[in-house]
Amino acid sequence: MLILLRGFENILTFVKIVRDPAEIPLDGPRPRALVPTMGFLHEGHIELIRRAVAGSAETVVSIFVNPLQFGAGEDYDTYPRDLERDAALAEEAGADWIFHPDPERMYPPGYATSVRVAGPLTERWEGERRPGHFDGVATVVTKLFGLVRPDRAYFGEKDYQQLQVVRRFTEDLNLGVEIVPVPTIREPDGLARSSRNVYLTPELRPRANVLYRALRAVREAAAGGASPEQARVMGEKVLAEVPEFEPEYLAVVHPETLEPLQEWVPGARGIVAGRFPAVRLIDNMEVWIP
Ligand code: AMP
């Protein structure tokens, strides 16, 4: 176990960092909340931690850049990391301790097991573009649940398909963890907060809210009486205004199955993904509120 000590905004912070899975304390106060992250914390993560702290007796933040959920050619090696800063921010938000294992401890020699959610939920959208990604997520989250034994776990709606995948395997495998969704935290111009936003150049940054603006256009068209397809086309027009952005998909989907909608259903979700040079961004929004 490591105790990290540093000054942060003139407050001296101490936070316990558990690196060895064998040292995870299981006898703490209950209910215990887990906030799984890959670190480089921002306001989105902090909101998850604050909500966990408000609703639980003990809050554990995991910081683990999970190699299994990165594909070949993705940014595993360059993914931003800053444990000291993360520790101070998590502590300030009220986390009780941090779990920060080494990849070799999570996947030791001989490791051979994977959790896979099958069917339309993982075949489309992110699952189609990032083969193996959701297997990696499902596997690491299942392991984190087994190690930390939380009563509940907090996940951002920012990664909406991931949230549905986590709900699915948690129920299917009877893991006994309550999954708590948290709305997306955004920059003032609408850009969803993300650790990967640091890859945006100063020239691109002002245009990066195009995903948000497209989703707003879908929602406004829906409110004005458009069909899901008509609303989707309105969103595509907004995406086309920013030539540096290469859209991968913009769809109007069912909030649980993520299947494209012909007719509106309550909670219908707009989902969007695409690339600026050097950074891939995703976003989503509830677009039909009856
Ligand atoms: P990550 O570190 O990117 O794996 O994210 C860890 C958790 O934080 C996931 O449940 C994300 O959905 C959530 N999260 C990331 N960005 C945001 C955001 N802008 N608003 C709310 N939750 C977020």
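Side-chain atoms are counted along with the backbone in the values below, which use heavy atoms only and exclude waters and symmetry mates. Order of listing sets the numbers, starting from 1, for every ligand and every atom in it.
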ask   = More than 12 non-hydrogen atoms from neighbouring residues, nucleotides or ligands closer than 6.0 Å to CZ on Arg30, yes or no?
value = yes

remark   = Residues at least two apart in sequence or cross-chain that pass salt bridge (charged side-chain N to carboxylate O under 4.0 Å, His left out) with Glu286, listed by chain then number, are none

message = Under a 4.0 Å threshold between the charged nitrogen and the carboxylate oxygen, would Arg32 count as salt-bridged to Asp96?
response = no

inquiry  = As a test of reading the model: which residues have a non-hydrogen atom less than 4.0 Å away from ligand 1?
reply    = Pro36, Thr37, Met38, His42, Gly44, His45, Leu48, Tyr79, Phe155, Gly156, Lys158, Asp159, Gln162, Pro183, Thr184, Ile185, Arg193

request  = Would you please name every residue forming a side-chain hydrogen bond (donor to acceptor under 3.5 Å, both in side chains) with Glu128, sequence neighbours left out?
outcome  = none

task = Can you see which heavy atom on Glu74 is nearest to which on Gln69, and at what distance?
result = OE1-O, 4.0 Å

Could you pull out every donor-acceptor pair under 3.5 Å between side chains of residues 211-226 and any protein atom, sequence neighbours left out?
residue	atom	partner	partner atom	Å
Tyr212	OH	Arg216	NH1	2.8
Arg213	NE	Asn209	OD1	3.2

